[in-house]
Amino acid sequence: MTTQTLTPTPMVADGGGLDVTALLAAPTGTVLQFNNTGQQVLAVSAGASAETVTVDIGALVEGETVSNFSSVTLVSGHLSLFGPFHTIDDQSGSTTMQVTLSTTTSITVALLQTVGVY
């Protein structure tokens, strides 16, 4: 499995809009990692059926690993959003979030970051 580090694109506050489709790109690795501040949302669009996304739980409870959430099977032609993510989901001892894709074929991703409004 190859790993790709993603950098988030900030969302636009108020009425500016954000073209998420234009941000979607084919991943270079099946394991996606990014810094988790609790504001990140992963957008995933599947071009074929039976592609899956698994949010990897990196937390340890009393020194023991925790089972990942169940894999989500994507629907071809649909856009799915994952997140924001709790910091307890980060890889142990870090602020790194990890998500695993079943393939890099016929799938596109974009990492978005929510912005505060005052």
Any side-chain heavy-atom pair of [X] and [Y] under 4.5 Å:
| X | Y | result |
| --- | --- | --- |
| Val66 | Ile88 | no |
| Pro84 | Gln39 | no |
| Leu101 | Val109 | yes |

Identify, with sequence neighbours excluded, every residue that meets side-chain hydrogen bond (donor to acceptor under 3.5 Å, both in side chains) alongside Gln40.
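Per chain and number, Gln40 pairs via side-chain hydrogen bond (donor to acceptor under 3.5 Å, both in side chains) with Thr37, Gln113.
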
Do Val44 and Leu112 belong to the same hydrophobic cluster, where Ile, Leu, Val, Met, Phe, Trp and Tyr are linked whenever their side-chain heavy atoms lie under 4.5 Å apart, directly or via other members?
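Not linked; separate clusters.
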
Let me check something: do Phe69 and Val99 share a hydrophobic cluster, defined by ILVMFWY side-chain heavy atoms less than 4.5 Å apart, either directly or through other members?
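Yes.
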
side-chain contact (heavy atoms from CB on, under 4.5 Å) between Glu51 and Ser106, intermediate numbers included:
CA-CA 9 Å; Glu51 295 174 335; Ser106 297; 3.5 Å; yes

Could you go through residues 22-36 and list every donor-acceptor pair under 3.5 Å that involves a side-chain atom there, pairing it with any protein atom two or more places apart or in another chain?
unit_1: Thr28; atom_1: OG1; unit_2: Gln4; atom_2: OE1; d: 3.3
unit_1: Gln33; atom_1: NE2; unit_2: Gln98; atom_2: OE1; d: 2.6
unit_1: Asn35; atom_1: OD1; unit_2: Thr95; atom_2: OG1; d: 2.6
unit_1: Asn36; atom_1: OD1; unit_2: Gly38; atom_2: N; d: 2.9
unit_1: Asn36; atom_1: ND2; unit_2: Phe85; atom_2: O; d: 3.4
unit_1: Asn36; atom_1: ND2; unit_2: His86; atom_2: O; d: 3.4
unit_1: Asn36; atom_1: ND2; unit_2: Asp90; atom_2: OD1; d: 2.7

At their closest point, which heavy atom of [X] faces which heavy atom of [Y], and how far apart are they?
| X | Y | value |
| --- | --- | --- |
| Ala43 | Val20 | CB-CG1, 4.1 Å |
| Leu74 | Ser80 | CD2-OG, 3.7 Å |
| Ser71 | Thr52 | CB-CB, 4.2 Å |
| Ala50 | Ser102 | O-OG, 4.3 Å |

Enter the distance from Asp56:CG to Ser67:OG here, rounded to the nearest 0.5 Å.
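The CG atom of Asp56 sits 11.5 Å away from the OG atom of Ser67.
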
Rounded to the nearest 0.5 Å, what separates atom OG1 in Thr96 from atom CD in Gln91?
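Here the rounded value is 7.5 Å.
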
Taking side chain to side chain contact (heavy atoms under 4.5 Å, CB included) as the test, write out the residues that go with Val12, two or more places apart.
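Leu18.
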
Result of checking Thr54, Asp89, Thr100, Val55 against Asn68 for side chain to side chain contact (heavy atoms under 4.5 Å, CB included)
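Single side chain to side chain contact (heavy atoms under 4.5 Å, CB included) partner of Asn68 among Thr54, Asp89, Thr100, Val55: Thr54.
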
